[in-house]
Number of protein chains: 2
Amino acid sequence: MIAVAHYDPEKRFAAIVQKFRESRHKLTPQRLAVARVLATSEGHPGVDAIYDKLQDDFPTMSLATVYRNVMLIKSLGEVLELGFPEGGNRYDGNKPYPHPHLICMQCKKIIDPELASLKDLTREVMAASGFKIVTHRMDFFGICPDCQSR
Amino acid sequence: MIAVAHYDPEKRFAAIVQKFRESRHKLTPQRLAVARVLATSEGHPGVDAIYDKLQDDFPTMSLATVYRNVMLIKSLGEVLELGFPEGGNRYDGNKPYPHPHLICMQCKKIIDPELASLKDLTREVMAASGFKIVTHRMDFFGICPDCQSR
DNA sequence: GGCGTGGTGCAAACCGATCGCATTGGCGTT
DNA sequence: AACGCCAATGCGATCGGTTTGCACCACGCC
């Protein structure tokens, strides 16, 4: 398996909470719980996965609340949204900047491969096209080793 | 502007029609019209754009017919679908294999930059992860020269 | 040219995501 | 520590792009 660089979830959680404070948003238990899940972003969870994970602690929490808080954290720039046309967007609040993803088409797991920097490619595109590149998206779709052997 | 390699729309159209025949699908005027638009895929049209473009020739054609035929051509492997989480998927039937795209976030135009092959990256990912890579997606989002000067 | 079946047009259904609203509760103020 | 404002929550209703069901139509084998 590829080595995966990641940040300390505690530090990421603190950074997100800091953004809440700066933007004068209230620190509700539900909000903090969503932030905590995203700070780790184990497995690049979708809204459903976040919702399920918090069912034990917040049995009455609404799915709408998860949606709203994920969107809030996204608007604060503290989570990377991986949108998919078929729905079920996934989120990465541990590394909230664009990076490549490796997606298993069968079990839907998503991991972060370590790749030679895309900086060169981005620079190449900017120079050749005249575009001002704001962000990018790079996904590899395939079958993971686990699913291959199943 | 980046030079863009593309295929002869006539040849692409013939190839798609050939697939229709092989798969025993009827050659209706609406189906052929959709295939003809996709063979060129000027501007990477979405379903709406295809529908609009064919209004003059087929004023009574249903949007559902466009959807069904685009999906058919996709299932035949003759069009590349560029799905977006916010909807409005775009299609490329001229180069129906994965390749990078450069997308203007303002006017939504999509062009094909010429880049050093991604083969090396794909191979790197496969070797390092053990995944069997089936396809990929690589988009650069930015502001095109036209929109920058507006 | 006739027939069978797949294709079309229309409208209804679908469904994840979002919104409206009444209630709740975080947190600045006193 | 208690108050009170207004953002946040939970719930149900709603939305809009896409898909589906169905009756009618027409492509293409014979």
Side-chain angles (χ1 to χ4, degrees), chain A residues 16-38 44-76 78-79 81-91 108, chain B residues 16-38 44-76 78-79 81-91 108:
Chain A
I16 298 171
V17 172
Q18 178 60 19
K19 286 291 186 74
F20 286 156
R21 292 212 158 89
E22 288 171 7
S23 56
R24 314 245 181 271
H25 285 279
K26 294 181 180 175
L27 306 183
T28 66
Q30 297 92 328
R31 178 164 292 163
L32 293 173
V34 171
R36 192 166 277 117
V37 173
L38 286 179
H44 301 70
V47 168
D48 290 356
I50 298 172
Y51 178 77
D52 291 344
K53 187 158 199 163
L54 296 177
Q55 274 306 294
D56 291 344
D57 293 331
F58 301 88
T60 69
M61 184 173 59
S62 166
L63 200 49
T65 295
V66 179
Y67 272 104
R68 282 186 286 232
N69 279 305
V70 169
M71 285 192 295
L72 169 63
I73 298 172
K74 179 190 164 196
S75 75
L76 297 174
E78 291 297 324
V79 69
E81 181 179 59
L82 291 179
F84 295 95
E86 61 275 16
N89 292 358
R90 306 281 284 269
Y91 297 89
K108 308 299 178 192
Chain B
I16 297 171
V17 172
Q18 178 59 21
K19 285 291 185 74
F20 287 156
R21 293 212 158 89
E22 288 171 6
S23 56
R24 315 251 182 269
H25 285 280
K26 294 180 180 174
L27 305 184
T28 67
Q30 296 92 329
R31 176 164 293 162
L32 293 173
V34 171
R36 192 166 277 118
V37 173
L38 287 178
H44 300 71
V47 168
D48 290 358
I50 298 171
Y51 178 76
D52 291 344
K53 186 157 200 164
L54 298 177
Q55 274 306 295
D56 290 343
D57 292 331
F58 300 89
T60 68
M61 184 173 59
S62 164
L63 200 49
T65 295
V66 180
Y67 273 104
R68 282 187 284 233
N69 279 305
V70 169
M71 286 192 295
L72 169 63
I73 297 172
K74 179 189 165 199
S75 76
L76 296 173
E78 291 297 325
V79 69
E81 181 179 61
L82 291 178
F84 295 94
E86 61 275 16
N89 292 357
R90 308 278 285 269
Y91 297 88
K108 308 299 179 192

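Just so you know, these numbers come straight off a predicted model, no measurement behind them.
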ask   = Does any pair with a residue in residues 17-29 of chain B pass salt bridge (Lys or Arg N to Asp or Glu O under 4.0 Å), and if so which ones, sequence neighbours excluded?
value = B:Lys19-B:Glu78
task = Any chance you could measure A:Ile50, atom CD1, to A:Tyr91, atom OH, to the nearest 0.5 Å?
result = 7.5 Å
query = Of all residues at least two apart in sequence or in a different chain, which pass the side chain to side chain contact (heavy atoms under 4.5 Å, CB included) check with A:Ala49?
reply = A:Pro45
key: Reading 5' to 3' through nucleotides 24-30 of chain D, protein heavy-atom contacts under 4.0 Å coded B for base, S for sugar-phosphate only, - for none   = ---BS--
Atom of A:Val70, atom of A:Leu38 and distance for their closest heavy-atom approach = CG2-CD1, 4.3 Å
query = Do B:Leu63 and B:Asp48 come within less than 4.5 Å of each other through their side chains, counting heavy atoms only?
reply = yes
query = Is the side chain of B:Asn89 donor-acceptor paired with the backbone N or O of A:Pro85 at a distance under 3.5 Å, no angle test?
reply = no
key: Residues which pass side chain to side chain donor-acceptor pair (under 3.5 Å) with A:Lys74, listed by chain and number, not counting sequence neighbours   = A:Glu81
ask   = Excluding sequence neighbours, so at least two apart, what forms side chain to side chain donor-acceptor pair (under 3.5 Å) with B:Arg68?
value = none
ask   = What is the 5' to 3' range of DNA chain C, first to last nucleotide, that sits under 4.0 Å from any heavy atom of chain A?
value = C:dA17 to C:dC27
request  = Take atom CD of A:Gln30 and atom C1' of D:dC11, then tell me their distance rounded to the nearest Å.
outcome  = 14 Å
ask   = Reckon A:Arg31 has a side-chain N or O less than 4.0 Å from the OP1 or OP2 of D:dA8?
value = yes
task = Measure the spacing between CG of B:Asp57 and CZ of B:Arg36 and express it to the nearest 0.5 Å.
result = 9.5 Å
message = I need the residues from residues 45-57 of chain A with at least one non-hydrogen atom less than 4.0 Å from DNA chain C; give them sorted by number, or say none.
response = none
inquiry  = So, using side chain to side chain donor-acceptor pair (under 3.5 Å) as the criterion, who are the partners of A:Arg31 when residues are at least two apart?
reply    = A:Asn69
Set of side chain to side chain contact (heavy atoms under 4.5 Å, CB included) partners for A:Ser23, sequence neighbours left out = A:His25, A:Leu76
inquiry  = I'd like to know if the side chain of A:Arg90 and the backbone of A:Leu82 have a donor-acceptor N/O pair within less than 3.5 Å.
reply    = no
remark   = Residues of residues 63-71 of chain B with a heavy atom under 4.0 Å from any atom of DNA chain C, listed by number, are B:Ala64, B:Thr65, B:Arg68, B:Asn69
query = So what does the secondary structure string of DNA chain D come out as, 5' to 3', with Watson-Crick or wobble pairs under 3.5 angstrom, [ ] for crossing and | for pairs with another strand?
reply = ||||||||||||||||||||||||||||||
task = Kindly write out the residues that satisfy side chain to side chain contact (heavy atoms under 4.5 Å, CB included) with B:Ser62, not counting sequence neighbours, or none if the list is empty.
result = B:Ala64, B:Thr65
